[in-house]
Undergrad: 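Just dropping this structure here.
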Amino acid sequence: MTQWSGYLGLILQGALVTIELTLMGSVLALVMAFLAGMGRVSRFFVVRALATTYIEFFRGTSIFVQLFWAYFVLPFARLSLTPLQAGVLALGLNVGAYAAEVVRGAILSVGREQYEACTALNLGRWQGMRHVILPQALLVMLPTFGNNAIELLKATSVVSLISLADLTFQAQVVRSQTGSTLMPFVSVLVIYFALALIISWGIRSLERRMARGLDGVRV
Amino acid sequence: MPAPIIKVDAISKSFGAFKVLDGLSMQVMPGEKLALIGPSGSGKTTILRILMTLEKIDGGHIQVDGEQLYHMERNGQLQPADERHLAKMRQKIGMVFQLFNLFPHKCVMDNVTLAPMLTKGLARTAAEKRAMELLDMVGLADKAKAMPAQLSGGQKQRVAIARALALSPKIMLFDEVTSALDPELVEEVLNVMRKLAAETDMTMLLVTHEMGFAHDFADRVLFFDRGRIVEEGKPDEIFRHPKQERTQSFLKKIIAAGHRV
Ligand SMILES: Nc1ncnc2c1ncn2[C@@H]1O[C@H](COP(=O)(O)OP(=O)(O)OP(=O)(O)O)[C@@H](O)[C@H]1O
Ligand SMILES: [Mg+2]
């Protein structure tokens with residue numbers, strides 16, 4: 001019995017690493033998504049080209065390869081990352097590329113009349129973006145951001161390939177130590193699912209909060 | 001004789017192969033109330049949008065309040081205006097849209113205070129004080145905290161007017177501001193415009209299909225057809241004694257459609 005709880009402890013440690021990766025990766029993905037998504041609608045060609053290159057590159061190559069580059073190849077450029085740093089970098093850049101398209105689509109979904117109201121009120125481009133367009137676009141982005149975050153959560157398991165002791169890695173450890181397959185794999189299944197549920201629920205309550213007032217319901 | 005506040009000089013504008021404005025010229029005096037009427041597609045909205053810098057011109061010149069709108073003088077030469085010049089010129093002009101274009105995620109008060117705070121650096125308290133005066137003027141002081149979605153069309157449009165006025169423009173452009181409204185809500189918006197005309201010396205250009213209102217409200221009426229001004233004059237001249245055949249047939253159609261002239 002004490003043995004089992006020890007093994008469960010290992011798995012929970014792995015869960016913490018997975019949560020850490022998911023949170024830090026999501027922050028980086030969010031930053032990249034806004035940079036590249038807004039870059040895609042910039043009026044400057046160079047900015048658009050940079051953003052497009054980033055997005056196409058990271059969507060067009062696999063997360064495995066990106067992770068291996070971050071961990072095994074960057075050291076040749078005198079940039080050695082810890083497994084956690086490499087994991088966050090690869091996950092954030094990869095999911096950020098997908099989320100950038102979400103940002104771009106949401107910005108474009110805000111009606112032309114809102115942009116025109118900004119011009120008529122003499123708001124600068126950035127002022128209009130910041131106070132009028134983005135707040136409305138954010139509401140459009142949120143549900144898909146939720147999906148992106150869950151994708152990122154699921155993708156964190158690739159870091160076990162560079163020996164980072166995340167949830168998946170720990171499950172394998174427990175399996176090899178106990179010879180039991182069911183217990184570790186059922187636990188990780190439940191934990192991944194629970195984490196995904198928490199993300200969905202968080203995003204949905206955020207959505208509800210932000211949508212208040214927009215549909216005429218008293219704030 | 002004071003100088004015109006708006007001088008439009010031979011401007012042209014095409015969408016693709018379609019020439020919407022064709023060498024249009026017109027002048028507006030400070031404080032003048034101008035009604036732009038004419039058949040659908042004649043370019044009335046386009047000229048307002050050009051004055052609001054929402055649409056570029058292909059040729060010609062526009063002077064607003066003594067300065068070129070789409071050009072700026074540099075070393076004695078006229079050059080295309082840059083964004084900074086346009087921003088300066090936009091301070092002189094405000095516009096109210098047919099579909100209100102309120103910011104749906106901001107309450108009435110924030111709709112009105114946003115631009116003054118951002119573009120004029122007004123402190124929130126000062127901006128809100130001024131906004132309350134304007135909301136009071138349009139009869140919506142009690143709706144300051146409401147969201148746009150909670151308002152009727154007429155109320156939305158009155159907020160939009162207050163929002164544009166908050167920047168104290170010298171010139172206000174109104175593009176069919178009542179045509180999206182239910183008939184019983186039209187009058188409350190027209191009343192606000194009458195009040196504006198009576199209480200301020202703002203220059204007002206309005207595109208309208210409300211011929212009765214145009215008749216009472218305007219100092220001068222311009223009749224547009226196919227991107228040109230076919231006829232202009234005092235409301236009585238245009239509505240009672242139109243000279244041009246195009247004007248006559250347009251007004252006949254309007255009356256047949258049940259509008260009061
Ligand atoms: N962005 C655009 N792209 C292409 N064509 C346009 C555009 N904007 C306006 N037009 C066309 O230009 C012409 C003039 O339009 P405008 O909106 O100025 O007419 P209007 O006099 O305001 O008519 P209405 O009384 O119907 O509002 C119309 O034929 C319209 O279809
Ligand atoms: Mg029009």
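Below, chains carry the letters A, B, ... as their sequence lines are ordered, and counting in each starts from 1. Predicted model only: the values in this text are computed from it and were never measured. The basis for the numbers below is simple: all heavy atoms, side chains too, and nothing from hydrogens, waters or symmetry mates.
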Undergrad: Flag yes if more than 12 heavy atoms outside A/R48 fall under 6.0 Å of its CZ atom; otherwise flag no.
TA: yes
Undergrad: Sub-4.5 Å heavy-atom contacts with chain A: which residues of residues 84-102 of chain B show up?
TA: B/A87, B/R90, B/Q91, B/I93, B/M95, B/F97, B/N101, B/L102
Undergrad: Tell me whether A/F72 at atom CZ has more than 12 heavy atoms from other residues, nucleotides or ligands lying less than 6.0 Å away.
TA: yes
Undergrad: In chain order, what residues pass the side chain to side chain contact (heavy atoms under 4.5 Å, CB included) check against B/S42, with sequence neighbours excluded?
TA: B/P39, B/K44, B/F224
Undergrad: Give me the contact list for residues 116-137 of chain B versus chain A, heavy atoms only, anything under 4.5 Å, ordered by residue number.
TA: B/L118, B/T119
Undergrad: Quick check on the interface: out of B/L173, B/T53, B/L114, who has the most heavy-atom pairs with chain A under 4.5 Å?
TA: B/L114
Undergrad: Applying salt bridge (Lys or Arg N to Asp or Glu O under 4.0 Å), can you list everything that pairs with B/R49, at least two apart in sequence or on another chain?
TA: A/E116, B/E55
Undergrad: Please check if atom CZ in B/F15 has more than 12 non-hydrogen atoms from other residues, nucleotides or ligands closer than 6.0 Å.
TA: yes
Undergrad: Search all heavy atoms of A/A117 against all heavy atoms of B/R163 and return the closest pair with its distance.
TA: CB-NH2, 3.8 Å
Undergrad: For the candidates A/L121, A/L139, A/T119, which exhibits the highest count of non-hydrogen atom pairs separated by less than 4.5 Å from chain B?
TA: A/L121
Undergrad: Do A/Q114 and B/P104 have side chains that get closer than 4.5 Å, going by heavy atoms?
TA: yes
Undergrad: Other residues, nucleotides and ligands only: do more than 12 of their heavy atoms fall within 6.0 Å of CG on B/D82?
TA: yes
Undergrad: Using non-hydrogen atoms only, which part of A/R112 is less than 4.5 Å away from chain B: side chain, backbone, both, or neither?
TA: side chain
Undergrad: Output yes when a side-chain donor or acceptor of B/H105 lies under 3.5 Å from a complementary backbone atom of A/H131, and no otherwise.
TA: yes
